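So the structure is just underneath, and the comments pick up after that.
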Protein chains: 2
Amino acid sequence: MDMKSLTIGRLAKQAGVNLETVRFYERRGLLPKPPRTASGYRLFPADAARRLRFIRRAQELGFSLTEIGELLSLRVSRRTTSADIRTRAEVKIADIEAKIRSLESMKKTLRKLTRVCDGCAPVAECPILESLDREDA
Amino acid sequence: MDMKSLTIGRLAKQAGVNLETVRFYERRGLLPKPPRTASGYRLFPADAARRLRFIRRAQELGFSLTEIGELLSLRVSRRTTSADIRTRAEVKIADIEAKIRSLESMKKTLRKLTRVCDGCAPVAECPILESLDREDA
DNA sequence: CTTGACCCCGTACCGTAGTCCGGGGTTTAG
DNA sequence: CTAAACCCCGGACTACGGTACGGGGTCAAG
């Protein structure tokens, strides 16, 4: 139990999540199984909190836990070739860019709306529908 | 039943959602209650499909149905003042900008990863954890 | 050496967002 | 006129992402 390890309770507090959520993510494989003390207590490395915060943020961006698992597994190692990782990373980048474009489009519409508000011109229709409306999924 | 109205089934197909989902959104108030035929069939205006597609996209960006309802209600009318709408729109813009920043950060990390792949330098750690990791919610 | 805070585990339960079912009327194409 | 295809409704069911519960062991302060 050196200073660098965290019990599950401390980790949960540091990351701002429920303790049960930590166990749940461990079961789901989003958090690597931590070493245990002789009595069975989990001892998480300090950077587990960073991983938890990453998961939370990614969720707010509309990624499912399964997709987050895929993001977290993006790294080069003996088992995975560079080319494989590269391809998978590029797919994720494309997903992300699509999300950014949708958000930019929503933002533009909302900005237009605030300008209309300044001009005091009443808009009866819902202007945000203009955004996010062209083709593809 | 003019050409411009859609039965629930046609609407669902056009928007690419399940028919039950349309009824569900109507119950949730995300879709305005459509007029009915004498026999009770719903007749949706043609632009209901646009609204459905907006809802789906916004969900992919991590907005809950409740938040989507708030976005859809952003418009100026007798009941809502320009100033009120303006304030609410600005809050939403700030939310959106935060999402965009997080996504840009993820994207940057993934780009770095693809460059590493090109250079064939193996990375054992999970580099994406570098992103989305500073302060605030 | 006890008491309160913390941890273990499995299982049950919850909210959100749908999705399905089934018994019944309606519409439309043959 | 009838059969297929479509629509109505209420209510049950599902999947996902947690969250709570409860019975038990552990650890640290007094």
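None of these values were measured; they are calculated from a predicted model.
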Cation-aromatic face contact A/K92/A/F63, 6.0 Å, 45 degrees: no
Report the distance from atom [atom1] of [X] to atom [atom2] of [N], rounded to the nearest whole Å.
{"X": "A/E26", "N": "C/dC9", "atom1": "CD", "atom2": "C1'", "answer": "12 Å"}
{"X": "A/L52", "N": "D/dG17", "atom1": "CG", "atom2": "P", "answer": "15 Å"}
{"X": "A/F24", "N": "D/dA15", "atom1": "CZ", "atom2": "C1'", "answer": "11 Å"}
{"X": "B/E60", "N": "C/dA17", "atom1": "CD", "atom2": "P", "answer": "15 Å"}
{"X": "A/F63", "N": "D/dG17", "atom1": "CZ", "atom2": "P", "answer": "14 Å"}
{"X": "B/N18", "N": "D/dC13", "atom1": "CG", "atom2": "C1'", "answer": "14 Å"}
{"X": "A/L43", "N": "D/dT26", "atom1": "CG", "atom2": "P", "answer": "15 Å"}
{"X": "B/L31", "N": "C/dA17", "atom1": "CG", "atom2": "P", "answer": "15 Å"}

For [N], take OP1 and OP2 only and decide whether either is under 4.0 Å from a side-chain N or O of [X].
{"X": "A/Q59", "N": "D/dG18", "value": "yes"}
{"X": "A/R42", "N": "C/dC8", "value": "yes"}
{"X": "B/R36", "N": "C/dT26", "value": "no"}
{"X": "A/S39", "N": "D/dC27", "value": "yes"}
{"X": "A/T21", "N": "D/dG17", "value": "no"}

5' priority, DNA chain C, between A/R27 and A/G40 [closest heavy atom]: A/G40
Any residue meeting side-chain contact (heavy atoms from CB on, under 4.5 Å) with A/R10, in chain and number order, not counting sequence neighbours: A/L6, A/T7
Pairwise distance CZ(A/R101) to CG(B/L61) - rounded to 0.5 angstrom: 11.5 Å
Write down the protein N/O and nucleotide N/O pairs, taken from nucleotides 1-6 of chain D, whose separation is under 3.5 Å; answer none if there are no such pairs.
{"residue": "D/dC6", "atom": "O2", "partner": "B/Y41", "partner atom": "OH", "Å": "3.3"}

Non-hydrogen side-chain atoms of [X] and [Y] separated by less than 4.5 Å:
{"X": "A/S64", "Y": "A/Q59", "result": "no"}
{"X": "B/F24", "Y": "B/L31", "result": "no"}
{"X": "B/V17", "Y": "B/R56", "result": "yes"}

Which residues pass the side-chain hydrogen bond (donor to acceptor under 3.5 Å, both in side chains) test with [X], sequence neighbours left out?
{"X": "A/E104", "answer": "none"}
{"X": "B/R28", "answer": "B/T66"}
{"X": "A/E90", "answer": "A/R86"}

Just the table, please: protein N/O against nucleotides 21-24 of chain D N/O, every pair under 3.5 Å.
{"residue": "D/dC21", "atom": "N4", "partner": "A/E20", "partner atom": "OE2", "Å": "3.2"}

